[in-house]
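Note sheet for the following structure.
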Amino acid sequence: MANKAQTHYEAIVIGAGVGGIYQIKRLADLGVDATVLDAAPDLGGTWYWNRYPGARFDSESYTYGYSFSKELLEEWHWKERFSGQPENLRYLNYVADKFGLRRYMQFDCRVEAAHFDEARNLWQLRVSDGRTLTCRFVMMALGLLSTPTYPRLSGMEKFKGPSFHTFHWPHEPVDLTGKRVAVIGTGATAIQVIAEIADKVGSLTVFQRRPNWSVPLNNGPISKEEMADIRSRYDEIFAACARTPGGFEHEPDRRGFYEVSREEREALWNRLYKEPGFGIWLANFREIFMDEAANAEFSAWVADRIRERVKDPKVAEKLIPRDHGFGVQRVPLESGYFEAYNRDNVELVDISETPLREVTETGLRTSDREFAFDIIVYATGFDAITGAFDHIDIRGTGGQSLREKWADGPSTFLGLMIHGFPNLLMAGGPQSGSASTNYPRGIETAVDWCTGLFQYMRARGYVRADATAEAEHRWTEHVKRMYQMVLMRKAKSWFTGYNSNVPGHEEGSIRYFVYNGGAPKYVTRINEVAAMDYAGIAFTPEAPPSSQAAE
Ligand SMILES: Cc1cc2nc3c(=O)[nH]c(=O)nc-3n(C[C@H](O)[C@H](O)[C@H](O)COP(=O)(O)OP(=O)(O)OC[C@H]3O[C@@H](n4cnc5c(N)ncnc54)[C@H](O)[C@@H]3O)c2cc1C
């Protein structure tokens, strides 16, 4: 158990998800006096919070697990190719218990403010339980999808029945039998939950504003024999992930889109559509991401698959996105999503035609109809990437506020540091390599980098590290330039900081949230910086005792 009377630490990690767990492991191994604070009642982050039916990986489970311990890899048996939330949470608990990490963690501790004390080179954190803690280093492992957003709808408090965001799906079982259920949203989460509950509810009404491209997950169990095979190939698997832009096993097809015939392209697509996971997105032709015509051709092919699967042609057309091409937003993977709309108890309401007006005591009202429901589910996503930062009053040198600095979008050095916010490290921050890739693959690299910087400073007696304004500017411009090469720049998605439910994040103000250069380039770059004595970071040595006395 962490000692709640202790008020100073060398390092404080905020967040006990996949990132925070690995960060505290590295710090604990070095004997650093560190603790982890999380607003949640227990560890797990994403996999603690999101308990809605159907919540699961779209990363192959065995590529999502940590790679740092051979023993752990030997011990853990992933039972499904794309494992579900309960198992994922069990896994993270197993890791924390195996390595004795729970004793460093403090729960129900929301960090409300973090102010840098320039005279002492310390961060001062104000915690929701009333304490003020200080530390030299603050490691932000706040999560990229950890701040849920609700629609801007009046009357939400009026509804008499249960209503919840998928992020806050109750811990106790929710009896859906015979219930009239509304799901608002058709993003990645909605696509999982709709497919899972369609045959369990009385009726399901889906309120869709913009459809998303979605393709089959093709999940399946992993037998003992298959797991033994995976274990014997872990080195190979992680090496493949390290080679690919997305940090997955799926490698892009190196043939040129236009070098092969339409028949050959379709042969690839037909094969990938039946294969598990992101292959159809990431093992496709690279032109899909950059060339409008190639993207349009493939999008039309996927649209035909939707038409084949949805019986009512009018519904099928509504489920086909028109405002963006396939793969320019993170592609949700589905298990029977489109078939759910073939059921008599499932209705799709297009709220781009008949907008939602308000929540009533008994349900929802659109511009042309009144609906009665027993349960309302808000599957309306997250204030992604910077949301959790914006919810903390973070102040750096000169009292500058991070919220204000990032008001029009983030600027960072390598996605790991922020000029003017010394000793604040963020392994999975905006513009880092983790946000757009198979997350744990990126986060292990980034946590190692942060830990390396920490060790470097310790060895030299440095007490402050601040990315220079110039280094930050260069990285941020580099990230922006990368967007110009990919069709993703045009998408209304969290990759571009779009969220109509977050003030200032509406259409038209693109935010450069992710690094699009791919994992290998990112890792090379951050390791080069480390090898060049952390070029781009200004270090301050500890003041000699005499000058301290004079202060
Ligand atoms: C439903 C869902 C499915 C996903 N599937 C995949 C997948 O298949 N593959 C993939 O790569 N990624 C996936 N992701 C992304 C996922 O978020 C990451 O894989 C990973 O879990 C993030 O880990 P993290 O530790 O950075 O953040 P999180 O797991 O989000 O943990 C952050 C923690 O910080 C805490 N926190 C935030 N602010 C504060 C504060 N102010 N004070 C105290 N505590 C705070 C939160 O309570 C939370 O527990 C998925 C995300 C969701 C929502």
Side-chain angles (χ1 to χ4, degrees), residues 12-24 35-61 63-66 81-85 88-89 91-92 105-114 125-129 133 138-148 165-169 187-193 217 219 241 246-248 277-278 330-333 379 381-394 426-429 432-444 446-447 494 519:
I12 294 183
V13 180
I14 311 179
V18 171
I21 292 171
Y22 183 49
Q23 183 63 76
I24 194 64
T35 191
V36 184
L37 305 176
D38 199 304
D42 207 342
L43 62 85
T46 291
W47 304 109
Y48 172 84
W49 290 109
N50 293 273
R51 291 166 187 246
Y52 60 86
R56 63 175 62 254
F57 288 148
D58 44 25
S59 297
E60 280 76 6
S61 311
T63 70
Y64 188 99
Y66 293 112
R81 199 171 180 100
F82 304 96
S83 171
Q85 176 273 332
N88 307 344
L89 184 58
Y91 170 75
L92 292 177
M105 298 179 181
Q106 307 184 42
F107 298 110
D108 295 310
C109 294
R110 177 169 293 285
V111 176
E112 296 171 340
L125 309 187
R126 195 179 73 232
V127 187
S128 54
D129 59 13
L133 305 180
V138 63
M139 330 288 253
M140 299 292 193
L142 304 174
L144 54 155
L145 301 174
S146 57
T147 307
H165 194 285
T166 42
F167 182 81
H168 290 124
W169 191 280
T189 293
I191 283 172
Q192 288 186 331
V193 78
L217 176 68
N219 194 14
C241 292
F248 290 90
F278 277 138
R330 202 182 210 276
V331 177
L333 298 178
F382 298 93
D383 182 358
I385 311 230
T386 49
F389 288 88
D390 285 343
H391 279 75
I392 307 177
D393 176 25
I394 302 173
M426 38 181 197
S432 75
S434 311
S436 57
T437 58
N438 191 7
Y439 193 74
R441 303 282 59 79
I443 207 72
E444 279 187 345
V447 164
W494 54 266

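In listed order, ligands and their atoms are each counted from 1. We number each residue from 1, following the sequence as shown. Since this is a predicted model, take the numbers as computed values, not measurements.
Annotation: Ile443 places no N or O atom under 3.5 Å from an N or O atom of ligand 1; distance criterion only. At least one N or O atom of Asp38 sits closer than 3.5 Å to an N or O atom of ligand 1. Residue Val18 has at least one N or O atom closer than 3.5 Å to an N or O atom of ligand 1. Taking any N or O of Ser59, backbone or side chain, at least one lies under 3.5 Å from an N or O belonging to ligand 1. Of the N or O atoms in Leu145, none lie within a sub-3.5 Å distance of an N or O in ligand 1.
Summarising the geometry of Leu145 relative to Phe382, their closest heavy-atom pair is O-CE2, 3.3 Å, with the distance given to 0.1 Å. The shortest heavy-atom contact between Ala16 and Asp38 is N-OD2, 2.7 Å.
Listed by number with element, the atoms of ligand 1 under 4.0 Å from a non-hydrogen atom of Asn50 are 53 (C). Numbered from 1 in the order shown, with element, the atoms of ligand 1 that lie under 4.0 Å from a heavy atom of Cys109 read 42 (N), 43 (C). Residue contact check: Phe57 has heavy atoms under 4.0 Å from atoms 8 (O) of ligand 1. For ligand 1, the atoms sitting less than 4.0 Å from at least one non-hydrogen atom of Ser146 are 30 (O), numbered in the order shown with element in parentheses. Close approach of ligand 1 to Asn438 (heavy-atom distance below 4.0 Å) involves ligand atoms 11 (O). Contact atoms of ligand 1 toward Ile14: 40 (C), 42 (N), 43 (C), 44 (N) (distance under 4.0 Å to a heavy atom of the residue).
A heavy-atom separation below 4.0 Å is found between Arg110 and ligand 1. Note on ligand 1: Trp49 sits in its first shell, one or more heavy atoms being nearer than 4.0 Å. Assignment of Arg330 to the shell around ligand 1 is supported, since a heavy atom sits closer than 4.0 Å. A heavy-atom separation below 4.0 Å is found between Trp47 and ligand 1. Heavy-atom distances between Ala188 and ligand 1 stay at or above 4.0 Å for every pair.
Atom CZ of residue Phe278 and atom CZ of residue Phe248 lie 5.0 Å apart, to the nearest 0.5 angstrom. Here the straight-line distance linking atom OH of Tyr48 with atom CZ of Phe107 works out to 9.5 Å at 0.5 Å rounding. Note that CG of Leu142 and CD1 of Ile392 are 4.5 Å apart. Values are rounded to the nearest 0.5 Å. Here Ile443 contributes atom CD1 and Tyr22 contributes atom OH; the two are 10.5 Å apart, rounded to the nearest 0.5 Å. Within the model, atoms OG of Ser432 and CD1 of Ile385 stand 7.5 Å from one another, a figure rounded to the nearest 0.5 Å. Separating the CZ atom in Arg81 from the CG atom in Leu217 is a distance of 9.5 Å, to the nearest 0.5 Å.
Taking only non-hydrogen atoms, the option from Ile394, Val13, Thr46 nearest to atom 2 (C) of ligand 1 is Thr46. Considering only non-hydrogen atoms, atom 7 (C) of ligand 1 lies nearest to Asp58 out of Thr147, Val447, Asp58.
Gly45 CA, 3.4 Å is the protein heavy atom nearest to atom 31 (O) of ligand 1. The protein atom (non-hydrogen) at minimum distance from atom 39 (C) of ligand 1 is Leu142 CD2, 3.9 Å. The protein non-hydrogen atom at the shortest distance from atom 44 (N) of ligand 1 is Ala39 N, 3.0 Å. Among protein heavy atoms, the minimum distance from atom 27 (O) of ligand 1 is reached at Gly143 CA, 3.0 Å. When only non-hydrogen protein atoms are considered, atom 25 (O) of ligand 1 lies nearest to Gly19 N, 2.8 Å. Considering only non-hydrogen protein atoms, atom 22 (C) of ligand 1 sits nearest to Tyr439 CE2, 3.2 Å.
Of all the heavy atoms of Ile21, none lies under 4.0 Å from any atom of ligand 1, so neither backbone nor side chain is involved. When non-hydrogen atoms are compared, ligand 1 lies under 4.0 Å from the backbone of Ala141 (N, CA, C, O) but not from its side chain. Proximity of Ile392 to ligand 1, defined as any heavy-atom pair under 4.0 Å, is confined to the side chain (atoms from C-beta onward). If you look at Val111 next to ligand 1, the close heavy atoms, those under 4.0 Å, come from the backbone and the side chain alike. For Tyr52, every heavy-atom contact with ligand 1 shorter than 4.0 Å involves the side chain, none the backbone. The side chain of Tyr64, and not its backbone, has at least one atom closer than 4.0 Å to an atom of ligand 1 (non-hydrogen atoms only; side chain from C-beta on).
Taking a distance limit of 4.0 Å, we find that atom 9 (N) of ligand 1 is approached by some protein heavy atom.
For the pair Tyr66 (side chain) and Val18 (backbone), a donor-acceptor distance under 3.5 Å is present. Not one N or O on the side chain of Thr166 forms a donor-acceptor pair closer than 3.5 Å with the backbone of Ala379. Here the side chain of Ser61 pairs a donor or acceptor atom with the backbone of Ser83 at under 3.5 angstrom. Looking only at distances, a side-chain donor or acceptor of His165 sits under 3.5 Å from a matching main-chain atom of Gly381.
Listed by chain and number, the residues in a side chain to side chain contact (heavy atoms under 4.5 Å, CB included) with Thr46 are Asn50 (sequence neighbours excluded).
For the side-chain contact (heavy atoms from CB on, under 4.5 Å) with Val36, the lone residue among Leu43, Ile24, Ile12 that qualifies is Ile24.
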Worksheet item: Stepwise, does the side chain to side chain contact (heavy atoms under 4.5 Å, CB included) test hold for Asp42 with Met105?
Response: CA-CA 9 Å; Asp42 207 342; Met105 298 179 181; over 6 Å; no
Discussion item. Under the criterion side chain to side chain contact (heavy atoms under 4.5 Å, CB included), I'd like the reasoning laid out for Ile394 against Met140: C-alpha separation, chi angles, the key distance, then a yes or no.
Written reply: CA-CA 11 Å; Ile394 302 173; Met140 299 292 193; 3.8 Å; yes
Practice prompt. Please step through side chain to side chain contact (heavy atoms under 4.5 Å, CB included) for the pair Trp47 and Phe57, ending with a clear verdict.
Written response: CA-CA 10 Å; Trp47 304 109; Phe57 288 148; 3.5 Å; yes
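At least one side-chain heavy atom of Arg330 sits less than 4.5 Å from a side-chain heavy atom of Asp58.
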